[in-house]
Visitor: 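One structure, as structure tokens, below. Some questions next.
Just so you know, these numbers use all the heavy atoms, side chains as well, and skip hydrogens, waters and symmetry mates.
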Amino acid sequence: MLLATTLARCGDQDGADAAFLDARAFGLSVPSGALHAEIALYQAHSAWIRRDFDSVNRIAAEAFAARDSACDEPHCLPLFVSRALMYELQGLVAAHIGNFPDQLAFLRSGLLELTSLAERDVWVESSLLDNLSVTVSDLHVPHIANRVRDLADSLPWSEETHLRAYNVYRSLGWSAALSGDAQTAMRDLREAHAFASNPAWQIEALLDRSYLFRELGEWTASHDRLDEAHRLAQSMDWSQADGEERLALLWLAENMAAHGMMNATTIVEQYKGIRKPLDRNFAYATDKRYKALELDALGAVASSAGQKNRGLDMLRQAQTIWSSLGFDWRAAKSARTIARASGSLVDADEARKHAARWPASWLARPA
């Protein structure tokens with residue numbers, strides 16, 4: 001089973017299929033529902049790696065339909081853990097095709113499975129909370145955000161789960177900011193910074209607060225955090241960044257452009273100079289959200305660097321993607337940047353319309 005998963009990660013699908021066949025043959029000799037569910041989980045994960053979404057859903061459906069066995073071998077993952085993680089994979093598939101309400105439902109079902117355990121599984125629960133919190137923030141679903149906060153505040157985060165804690169509290173910060181609770185938002189974002197386990201996440205945490213401070217009119221506080229983020233970024237080697245940490249460079253460039261810092265273009269060139277492709281284990285590797293984040297940043301920099309039409313075109317593309325995904329506050333953020341870049345009263349009015357759903361947030365302030 002583990003050999004099959006390793007081969008799948010290395011791109012040897014034929015070898016992975018053969019090893020999974022052997023695993024299933026051995027598994028049939030053990031009357032354990034937990035073991036059978038675990039094998040199905042690894043198969044579904046391998047299908048996710050190659051973005052075979054139909055197989056992920058088929059494998060999960062078959063596993064959920066299988067009769068649970070009372071005989072669970074001690075070496076197996078608990079049945080409820082395998083089921084929770086399969087719900088998580090189904091949630092990733094749903095998100096990838098833009099069905100975010102279904103993703104929320106799958107992830108909440110996964111968390112419900114974990115309530116059957118005798119004690120909390122920090123590793124698994126933190127993973128589900130990580131994925132759930134991001135979508136809850138993007139869709140702005142306050143009542144689910146409150147549930148995530150309750151679980152996050154009571155979870156004994158381990159050192160191995162600090163990155164997930166960072167993501168959870170960062171998402172909660174944006175959710176609070178959209179609700180107009182700037183104090184809680186800043187507290188959550190500081191908490192995220194405390195969990196930031198590497199410089200890239202520390203940069204993002206600084207930039208989140210820099211952005212909100214700027215939008216709330218506190219330019220000095222904003223600039224201080226932006227300078228700190230810039231200094232930290234200059235100390236890093238970005239050439240090997242094959243994960244989502246490269247998003248920190250985009251966010252840095254976007255914020256520098258808003259402050260009128262000409263070296264924002266240098267940061268963009270540094271980002272474009274990264275030759276390693278995104279690791280396909282990350283959802284962002286083949287996700288529209290990554291493209292929208294990229295267009296937001298590149299459009300903001302181009303607009304501030306004298307390429308106004310090109311920049312506006314990219315920003316409008318980003319806004320279209322966000323709207324198509326149902327991430328309306330991100331579309332409103334893009335509209336806000338468009339209004340500033342164009343100086344058009346029409347665009348300013350459009351930005352106000354987009355922000356109307358969040359009257360207490362920073363988005364409702366004049367662009």
Visitor: If I take atom CG from residue Leu111 and atom OH from residue Tyr87, how far apart are they, to the nearest 0.5 angstrom?
Guide: 12.0 Å

Visitor: With sequence neighbours excluded, what pairs up with Ser116 under the side chain to side chain contact (heavy atoms under 4.5 Å, CB included) test?
Guide: Phe80

Visitor: Any carboxylate oxygen within less than 4.0 angstrom of a Lys/Arg side-chain nitrogen, looking at Glu228 and Arg231?
Guide: no

Visitor: Can you tell me if Asn198 and Tyr166 form a side-chain donor-acceptor pair at under 3.5 Å?
Guide: no

Visitor: In a table with atom names and distances, give each donor-acceptor pair under 3.5 Å that connects a side chain of residues 17-30 to protein atoms at least two apart or in another chain.
Guide:
residue, atom, partner, partner atom, Å
Asp17, OD1, Gln13, NE2, 2.9
Ser29, OG, Phe26, O, 2.5

Visitor: Would you mind checking if Arg170 and Glu204 are paired as a salt bridge, meaning a charged N to carboxylate O distance below 4.0 Å?
Guide: yes

Visitor: Side chains of Arg9 and Ser46: donor-acceptor distance under 3.5 Å anywhere?
Guide: no

Visitor: Is it true that Asp296 and Arg330 have a side-chain N and a carboxylate O under 4.0 angstrom from each other?
Guide: no

Visitor: With a 4.5 Å limit on heavy-atom distance, are the side chains of Gln319 and His354 in contact?
Guide: yes

Visitor: I'd like to check Trp322 versus Asp138 (side-chain heavy atoms, cut-off strictly below 4.5 Å). Are they in contact?
Guide: no

Visitor: Near Arg316 CZ, under 6.0 Å, is it more than 12 heavy atoms from other residues, nucleotides or ligands?
Guide: yes

Visitor: Side-chain heavy atoms under 4.5 angstrom apart, residues restricted to Ile, Leu, Val, Met, Phe, Trp, Tyr: same cluster for Leu172 and Phe213?
Guide: yes

Visitor: Please examine the side chains of Leu315 and Leu295, heavy atoms only from C-beta on, and report whether any two atoms are closer than 4.5 Å.
Guide: no

Visitor: Compare all side-chain heavy atoms of Val81 with those of Glu38 and state whether any distance is below 4.5 angstrom.
Guide: no

Visitor: Once salt bridge (charged side-chain N to carboxylate O under 4.0 Å, His left out) is applied, do any residues pair with Arg357, and if so which ones, sequence neighbours excluded?
Guide: Asp328

Visitor: Would a distance-only check, ignoring hydrogens and angles, find a side-chain to backbone donor-acceptor pair under 3.5 Å from Ser137 to Ser133?
Guide: no

Visitor: On the six-membered ring of Trp123, is Arg164 placed so that its NZ or CZ lies under 6.0 angstrom from the centre and within 45° of the ring axis?
Guide: yes

Visitor: Can you name the nearest heavy-atom pair linking Ile49 to Ala8, along with the distance?
Guide: CG2-O, 4.1 Å

Visitor: What's the shortest heavy-atom distance between Ser361 and Ala177, and which atoms?
Guide: CB-O, 3.4 Å

Visitor: Would you tell me whether Ser239 and Asp237 have side-chain atoms, one donor and one acceptor, within less than 3.5 Å of each other?
Guide: yes

Visitor: I'd like to know if Asp349 pairs up with Arg352 as an ion pair, taking the criterion as any Lys NZ or Arg NE/NH1/NH2 lying under 4.0 Å from an Asp or Glu carboxylate oxygen.
Guide: yes

Visitor: Starting at NE2 of His223, measure out to CE of Met256 and round the result to the nearest 0.5 Å.
Guide: 9.0 Å

Visitor: With clusters defined by side-chain heavy atoms of hydrophobic residues (ILVMFWY) lying less than 4.5 Å apart, directly or transitively, does Leu226 cluster with Leu189?
Guide: yes

Visitor: Do Ser210 and Ser222 have side-chain atoms, one donor and one acceptor, less than 3.5 Å apart?
Guide: yes

Visitor: Kindly give the heavy-atom pair with the smallest separation between Ala185 and Gly173, and that separation in Å.
Guide: CB-O, 3.3 Å

Visitor: Can Glu191 and Arg187 be counted as an ion pair, charged N to O under 4.0 angstrom?
Guide: no

Visitor: Does the side chain of Thr135 pick up a donor-acceptor pair with the side chain of Gln103 at under 3.5 Å?
Guide: yes

Visitor: Under 6.0 Å from the ring centre and within 45 degrees of the ring axis: does the NZ or CZ of Lys288 meet both conditions for the six-membered ring of Phe327?
Guide: no

Visitor: Tell me, do Val168 and Leu132 make a side-chain contact under 4.5 Å, heavy atoms counted?
Guide: no

Visitor: Counting the benzene-type ring for Trp, do Trp329 and Trp174 have ring centres under 6.0 Å apart?
Guide: yes

Visitor: In Å and rounded to the nearest 0.5 Å, what is the CD1 to CG distance from Ile338 to Asp313?
Guide: 10.0 Å

Visitor: So, Arg51 and His96: side-chain donor and acceptor under 3.5 Å apart, yes or no?
Guide: no

Visitor: Please round to the nearest 0.5 Å and tell me the distance separating atom OG of Ser82 and atom CG of Leu77.
Guide: 4.5 Å

Visitor: Run through Leu252, Val301, Ile267, Asp227 and flag the one making a side chain to side chain contact (heavy atoms under 4.5 Å, CB included) with Met261.
Guide: Asp227

Visitor: Taking NZ, NE, NH1 and NH2 as the nitrogens, is one of them in Lys333 or Glu254 under 4.0 Å from a carboxylate oxygen of the other?
Guide: yes

Visitor: Less than 6.0 angstrom from the centroid, inside 45 degrees of the normal: does Arg50 satisfy that with respect to the ring of Trp48?
Guide: no

Visitor: Indicate yes or no: does Arg340 engage Glu215 in a salt bridge with an N to O separation below 4.0 Å.
Guide: yes

Visitor: Quick one: does Glu269's side chain get under 4.5 Å of Thr265's, heavy atoms only?
Guide: no

Visitor: Hydrophobic clusters join Ile, Leu, Val, Met, Phe, Trp and Tyr when side-chain heavy atoms are under 4.5 Å apart, directly or via other members; which others share one with Leu7?
Guide: Leu3

Visitor: Could you tell me which residues satisfy side chain to side chain contact (heavy atoms under 4.5 Å, CB included) with Ala355, sequence neighbours excluded, listed by chain and number?
Guide: Leu363

Visitor: Can you tell me if Ser55 and Asp52 form a side-chain donor-acceptor pair at under 3.5 Å?
Guide: yes

Visitor: Which atom names give the shortest non-hydrogen contact between Pro199 and Met236, and what distance separates them?
Guide: CB-SD, 3.4 Å

Visitor: Considering all heavy atoms of both residues, which atom of Ala40 and which atom of Ala63 are nearest to each other, and what is their separation?
Guide: CB-CB, 3.8 Å

Visitor: Side chains of Thr337 and Ser334: do they bring a donor and an acceptor to under 3.5 Å?
Guide: no

Visitor: If the condition is side chain to side chain contact (heavy atoms under 4.5 Å, CB included), which residues does Asn167 pass it with, not counting sequence neighbours?
Guide: Asp130, Leu163

Visitor: Leu207 and Gln202: side-chain contact (heavy atoms from CB on, under 4.5 Å), yes or no, with the steps?
Guide: CA-CA 9 Å; Leu207 293 172; Gln202 293 165 20; over 6 Å; no

Visitor: Please check if the side chain of Asn263 supplies one atom and the backbone of Thr266 the other of a donor-acceptor pair under 3.5 Å.
Guide: no

Visitor: Quick one, Leu117 and Pro78 - any side-chain contact, counting heavy atoms below 4.5 Å?
Guide: yes

Visitor: Under a 3.5 Å distance rule, please check whether Ser179 uses its side chain to pair with a backbone N or O of Asp181 as donor and acceptor.
Guide: no

Visitor: Testing the basics here: between Ala356 and Pro359, what is the closest heavy-atom pair and its distance to 0.1 Å?
Guide: O-CD, 3.5 Å

Visitor: Is Leu41 linked to Phe106 within one hydrophobic cluster, defined over Ile, Leu, Val, Met, Phe, Trp and Tyr using a side-chain heavy-atom separation of less than 4.5 Å?
Guide: yes

Visitor: I would like to know whether Phe195 and Trp201 meet ring pair (Phe, Tyr, Trp, His ring centres under 6.0 Å); could you show each step before the answer?
Guide: CA-CA 9 Å; Phe195 279 114; Trp201 314 131; over 10 Å; no

Visitor: I'd like to know if the side chain of Trp251 pairs up with that of Asp208 as donor and acceptor (distance under 3.5 Å, no hydrogens or angles considered).
Guide: yes

Visitor: Between Trp238 (side chain) and Ala233 (backbone), is there a donor-acceptor pair under 3.5 Å?
Guide: yes

Visitor: State whether the side chain of Thr161 and the backbone N or O of Trp157 hold a donor-acceptor pair below 3.5 Å, judged by distance alone.
Guide: no

Visitor: With rounding to the nearest 0.5 Å, note down the distance linking CZ in Arg214 to CZ in Arg225.
Guide: 13.5 Å

Visitor: Check the side chains of Asn255 and His259 for a donor-acceptor pair under 3.5 angstrom, ignoring hydrogens and angles.
Guide: no

Visitor: Can you tell me how far CD of Glu88 sits from CG of Leu107, rounded to the nearest 0.5 angstrom?
Guide: 6.5 Å

